Structures are given as C-alpha cells and as structure tokens.
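Can you read through this structure? Questions will come right after.
All figures in this text were calculated on a predicted structure; none of them were measured in a lab. So that the names make sense, note that chain A is the first sequence line, chain B the second, and so on, each numbered from 1. The figures here come from the full heavy-atom set of this structure, side chains too, leaving out hydrogens, waters and symmetry mates.
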Number of protein chains: 2
Amino acid sequence: MSGRNIQRKPPTIKDVAALAGVSMSTVSRVLNGTAVVSGDAAERVRRAVTQLDFVLSASARTVRPGVRSMTWGLLVDAVESHYFSTLIAELDRAAQDHGSTLMVSVTQKEWVRERHLIKEMSSRRVDGLFVVPANGDVLGERSRMSSVPIVYVDRIPSGVVADVVTFDYYRAMADLIEGLWARGHRRIAFIGGEVDTDPGSRRYAAWNDILARHGTTADPELVSVGHLVADTATEAMVAMLRSDQPPTAVVTTTGLLLLGVLHGVVLESADVEVVCSEEIDAAFLSPVPLTMVAADLSLLVSDAVELLTARIDGTSGTTPVTRLLPTGQIEVRPNPTMGVSLQ
Amino acid sequence: MSGRNIQRKPPTIKDVAALAGVSMSTVSRVLNGTAVVSGDAAERVRRAVTQLDFVLSASARTVRPGVRSMTWGLLVDAVESHYFSTLIAELDRAAQDHGSTLMVSVTQKEWVRERHLIKEMSSRRVDGLFVVPANGDVLGERSRMSSVPIVYVDRIPSGVVADVVTFDYYRAMADLIEGLWARGHRRIAFIGGEVDTDPGSRRYAAWNDILARHGTTADPELVSVGHLVADTATEAMVAMLRSDQPPTAVVTTTGLLLLGVLHGVVLESADVEVVCSEEIDAAFLSPVPLTMVAADLSLLVSDAVELLTARIDGTSGTTPVTRLLPTGQIEVRPNPTMGVSLQ
DNA sequence: ATGAAAGCGCTAACAA
DNA sequence: TTGTTAGCGCTTTCAT
C-alpha cells in the first residue's frame, strides 16, 4: 500500500551472489538450471532472489549471438479489426504454451515501418518474427533481411520467397460468389479495398474469374474498389442502391467495409443480400441476409508457430513453404419478425 | 527475389569498423551522433553499414543501466475489443511521434502474467510501461515492483498508489442513467460484468447512487452482473424480456455485453432503450434507441504519455497523480423505416 | 559442486 | 578527430 515508486537501479547477479554468499556463476546456474547445484546453495540463492526481487537482465543475457531469448515478435499492419485482435490473442496464447513471450508492434501498413521494426525486434534478439507484411517493398529489400527467422502471416509478401501461412481467400471468395449465383442473383455488386495487393488481389481475381466462368462480366457501375475506410464504402453502396438498376447482392471484402456497406443498406432500407470475405461479431444485427467467410485463426496460428519454431530450431529445409488454409462459411439470416425483410 | 533466408549471424560493430577502416568507437559515434566525426570517416561508415545491413544491437546497447532504449511497453489485459485496439493504435502513434517504439504484450487479465510481463519488459530495458492493470494483486506486490516507471491506464489498480489515467466512468454512467430517467423510464435493467473491481465497481456504484437519488432501488430481477462473455448477457436479457414485468430500458457496461444484450433484444424483437458505457462501431445497426459513452482515447493517451515521460525524465514530483478524464455521449436512433420501432 | 576469468556487442572515459 | 581500454550483466569454459 505504500506507493513509493523510487527508481532504484535494478539489482544485478552480483548483488544476489553477495547476499547468498556464492559466486555469480552459481547464481546463474541456479537461475538457468544449467548445472547441478547443491541444495543448500540453491536454496540461499532462491531466497536472495526473492528478497531482492531480482530478474535476470534479458538485455545482458542476449548480448552474445546464438542464445535464445524465448521471445517472439509479431508485426501487424493495423490493429483495429476483429481479425487482428483475435490473431494477437491466439498467438499470445501459443507463445505462452511454448514458454515464450510475444511482443507486438504495429507497422501502420507502411513498408518503411515494417523494415524498421524488423530491425528493431531483431536487435532486441527476438528468436523469431511473425509478420503481416505491409505493401511497398518495391526494391525487394525484404529478401536481404535475413538476420532473424520470419514467417509471414495472412498476406503473401512481395519481393521475397519465404514461409507464408494464409487462408485460401481466392477459393473463399469464389465460393461466396458461386453461392449468390446459385441463389439466382445476377446483378451483383463488388465493393472492396485494394485490389493490386494481396490478399485483395486474390479476392478480386476470384470475382472476375467466377463471373467469367458464368459467361458474363461485371457491370462497371457495380464495381467500386480502393476503399480504405467504412464511410466511402457506405457512399458507394448508397449510390448503387439509388441507381436505375440497383444490385440484388453485394460482395464485400473486409469487416470494415462490410460495416460500411451495411450502413448504406440501412440508410436506404434496401433489400440486398450481402456476402463478405471477413467476419464481424455484430453480424446478428444485419437487417439483410449475410454470408461471411469464417477463418479459423487458431489453425493459422498453429501452422505459423510450427513453421517458425522449425526455422528457429533449424529443423526445416531450406525451401520456404506457402500454406493456404481452408475456410468455412457463416450464414446469418435476419430475424423474420423484424427488419426490412418483412416489408 | 532470391529468397534464401540463411541464418547468418548478424554483423557487429567490429565488422563495420573493419570494413570502413576505422575504430569501433568511430562507428559508434557516427551511429549515435555522440561526437563530431570527419565527413570522410562518417561517409565510409555509413557505406559499410548499408552494405552489411548493420543494426546496433539493442541488447548490447542497453546492458548498462541508465541508458535509454527508446522503447515503451504496453500491457493490456485483453485485446478483443474496439477499445483496446484503438488504445494500441493511438499509443503506437504517440510513441512514434516521440521517437520511441511501442511493444505490446497481453496479460490475459491475470495478475501473475502482469507481474511476469512487467519483469520481462523491465529486463528488456524498456524506458517505461503503460499498464492496464489486471485484478488479483491481493498481496500488494505491485507496490514493490519499482524497477521501471509505470503509468496505469483505464483502470485504477489495487494495492498501489501510482500514476493513473482513466475516464470518469462513474459520471459517465450516472449521466446515462439520469438520461433514461428523464426520458420517463422507471423499469430499468442493469446487465454488467465484474462489479467489485475497477472500473465495473465505479459503474455499479453510479447505478445504485442514481437510483437512490430518485428515492428508489433496483428490482433484483432486473440486475444481472458478473458476465464475462456476450452469450450469458444475451440469456439474461432474454429472460428479463420474457418476464411479467419486462424492463423498458437496459443499462450495459462494456461493448462486448452490449452486443450480447442487443442480440437478446433482436431475438425477442423487443422494444427497449439501451445505454452502454462503451462504444461499438456497429451501433448504427441497432434496432432500438442506443446511447453510448464516447471516450476519447487520444486524450487518454496524450495524458498517459505526458505522465510517463515525466517519470522517465524524473521531472515529475514524487506524488503519484490520478486523472479522471471527461467523456461524451453518442446517440443512435434507428432508421424509422426499418426495425421493430415501426411495429 | 564451485569459483575465477574470458568474452558477448557496445559505450564512454581517457589519451593521443 | 581518432583509437585504446575498461566495464555494463551475464554465460561459459576451464580449473579446482
């Protein structure tokens, strides 16, 4: 209860050794379990450690190369989404199970920041890194940064051949659109984000491919891409709904854009079916039929962890692996007693 | 494009010195800007650094106590909420502005993990720590962990007097309930989470106080607390709505529980007004009138950063500060042409 | 089983 | 302006 937070300089292994009446080596051995120590000495060391509230300096421990810090890093491009929240939570749990600590940093979707943070994390001697790659590595610099094992997650990075774990977003999107087609929809809109970078590019390719497979092509009026925020997606949706030939179904890509699209649907009290390549937790509030791709993050995480630990332990071959994980679907149909669907 | 990720051991300052034909000190001086170096030598060093893709080892740099690592730590209890996503994003930006790097770890709401991570971060020589305190420090151990400057965020920690920045959740909740009362509601339900720990305790106190102020007390049938997940909140909501005397309004605390409550409302096609002490981004989908507390995280962050930097620089007094930040309100009224509100 | 000592990568005090 | 050197906290031979 006494709240003095004096900045005393932390005790060192030397202090512990002195208090326990042993040498520094013995303290080190006890704390690391590196060698057998007499029960008596061990006990005295442990007591001193508790008394001084001592912690081995991770900095000093990891000065020499080759030692394990039992720390993993995670670089995410942004954090404001259900998807990444879950990713962080799952990875954190996996790291804990492995006896490692996870440290997260945010790249803000900027390649220069990703590069900086990879170096930063690496200079802090993390054992390995999970990276959700940002775009913009035009010079292919990524391939030169080989100081620390990296497994790329969720997106396929450009400019480097490395271990990647991601979901099969192409197939997921293809399935969604085939579903709409099977249910009779012919005027289908596409409201998406970036389409020239992964995974938007895969989704967009699926969109075009499936339409082509059915011998048709997208009405330009019904395609609106490049959205980065929900608001512009809302505007696009509203504009389409007000046109002469409004769509009967809408394809969206991210949870963020799905919210934007649903907002447009609400504003116009429209009756369209919506599908989305990502999941949101407020889906049950949708006033219209909604199908979402269900991506099991725990699958992604266990695969990524497996790949990274193999790299760290050096037990994996030299050839990088790319894994495309399968996805599921979640269908949400609005409560028939409410919403526009009852007219 | 050549994707060989060989695990070569990272170059040291010695390698750079050799390649540049100068001493290690000169390299250090160039890289840290600690002293004037001849343009020629500096240029050769920079070239060598680029060529070797060299980064100073943060580990080695921070071995000696007292040096700044230009790294801040953030310990959050959980990450699956809009609130913490935003907190991380804002703090990350603030750290970047300050020239520091933010590292996040997750305590999973467990005090032992919080304690472990504080030590871990501290042993990695972060300059300071933002901590969303977990509950469970019954022994008051927090007050003994004075190795690194800490600013507590969002919750008031137990067992220690330290710098805290949080929102005035008592007043926020009081305002919500006064609003309901003013709009004529008399059967008001309360569906919340933990009520014996902060900030739930503050919200629950406001609930009881405001009812008392109006000379009444809560109907036990309309109070359901201790919810940790959305599902049980949904069940509680449904049960209340099906009772003989259903509430006309519901008070909720967190965004998670708000979603649970709204789910119950949707399932029962009920017509109740809802208020919540946290914000969700899918609010526009609410089929019923909804008022949420708007907490400006950037305010929280700038205050927390100010306090932490003051502690780090030693420019703050010894007396810890507690700041209660004001909140706003967001009102969402459902689109009149849809949803249950049109009957 | 234990201690003394060298060395990890780096910075800073001291010489030159 | 530059190099040499001691030392940060810790681990790890190498003796004992």
Of C:dT2, C:dG3, D:dG9, the nucleotide closest to the side chain of A:Ala41 is C:dT2
Atom-pair distance (CG on A:Leu31; P on D:dC10), nearest Å
9 Å
Rounded distance in Å - CZ (A:Arg44) to P (C:dA1):
15 Å
DNA chain C: 5'-proximal contact among A:Ala35 and A:Ala60 (nearest heavy atom)
A:Ala35
Atom pair NE2 (B:His98) and CD1 (B:Ile312), whose distance is rounded to the nearest 0.5 Å:
6.5 Å
Nearest whole Å is fine: how far is C:dA5 C1' from A:Lys14 NZ?
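Taking NZ of A:Lys14 and C1' of C:dA5, I get 13 Å after rounding.
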Atom CZ of A:Arg68 to atom C1' of D:dC10: distance rounded to whole Å?
18 Å
Rounded to whole angstroms, how far apart are CG on A:Leu52 and P on D:dG9?
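Between P of D:dG9 and CG of A:Leu52: 14 Å.
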Tell me: CD1 of B:Ile13 to P of D:dG3, nearest whole Å?
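After rounding, the reported distance stands at 12 Å.
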Would B:Arg124 and B:Met103 satisfy side-chain contact (heavy atoms from CB on, under 4.5 Å), going step by step from the backbone distance to the final call?
CA-CA 11 Å; B:Arg124 296 196 153 272; B:Met103 298 217 165; over 6 Å; no
For B:Val37 and B:Arg125, find the nucleotide of DNA chain D closest to each by heavy atoms; which residue's nucleotide sits nearer the 5' end?
B:Val37
Figure out the CZ/P separation between A:Arg124 and C:dC10, and round it to whole Å.
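Roughly 14 Å, once rounded to whole Å.
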How are the rings of A:Phe130 and A:Trp72 set relative to one another: parallel (under 30°), tilted (30 to 60°) or perpendicular (over 60°)?
perpendicular
Determine whether B:Val148 and B:Arg311 make a side-chain contact, defined as any pair of heavy atoms from C-beta on separated by less than 4.5 Å.
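Of all side-chain heavy-atom pairs linking B:Arg311 with B:Val148, none is under 4.5 Å.
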Could you state the atom-to-atom distance from CZ of A:Arg61 to C1' of C:dG9 in whole Å?
16 Å
Between B:Thr62 and A:Ser59, does any side-chain donor sit less than 3.5 Å from a side-chain acceptor?
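Checked: B:Thr62/A:Ser59 side chains pair up, N/O donor to acceptor below 3.5 Å.
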I want to verify a distance call: between D:dT2, D:dC10, C:dG9, whose nearest atom is closest to the A:Thr12 side chain?
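Of all the options, the side chain of A:Thr12 is nearest to D:dC10.
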Polar atom pairs between nucleotides 12-16 of chain D and protein, under 3.5 Å, N or O only, would you list them?
unit_1, atom_1, unit_2, atom_2, d
D:dT12, O4, A:Ser25, OG, 3.4

Is any side-chain N or O of B:Ser38 closer than 4.0 Å to OP1 or OP2 of D:dT2?
yes
When you check the phosphate oxygens OP1 and OP2 of D:dG3, does a side-chain N or O of B:Thr26 lie under 4.0 Å from one of them?
yes
Sub-3.5 Å donor-acceptor pair from the side chain of A:Arg155 to the main-chain atoms of A:Ala134, do we have one?
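No, because the side chain of A:Arg155 does not come within donor-acceptor range (under 3.5 Å) of the backbone of A:Ala134.
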Could you pick out which residue, B:Ser23 or B:Val63, lies toward the 5' side of DNA chain D when each is mapped onto its nearest nucleotide?
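Result of the comparison: B:Ser23.
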Looking at OG of A:Ser38 and CZ of A:Arg44, how far apart are the two atoms once the value is rounded to the nearest 0.5 Å?
7.0 Å
For D:dG9, does either OP1 or OP2 sit under 4.0 Å from a side-chain N or O belonging to A:Ser57?
no
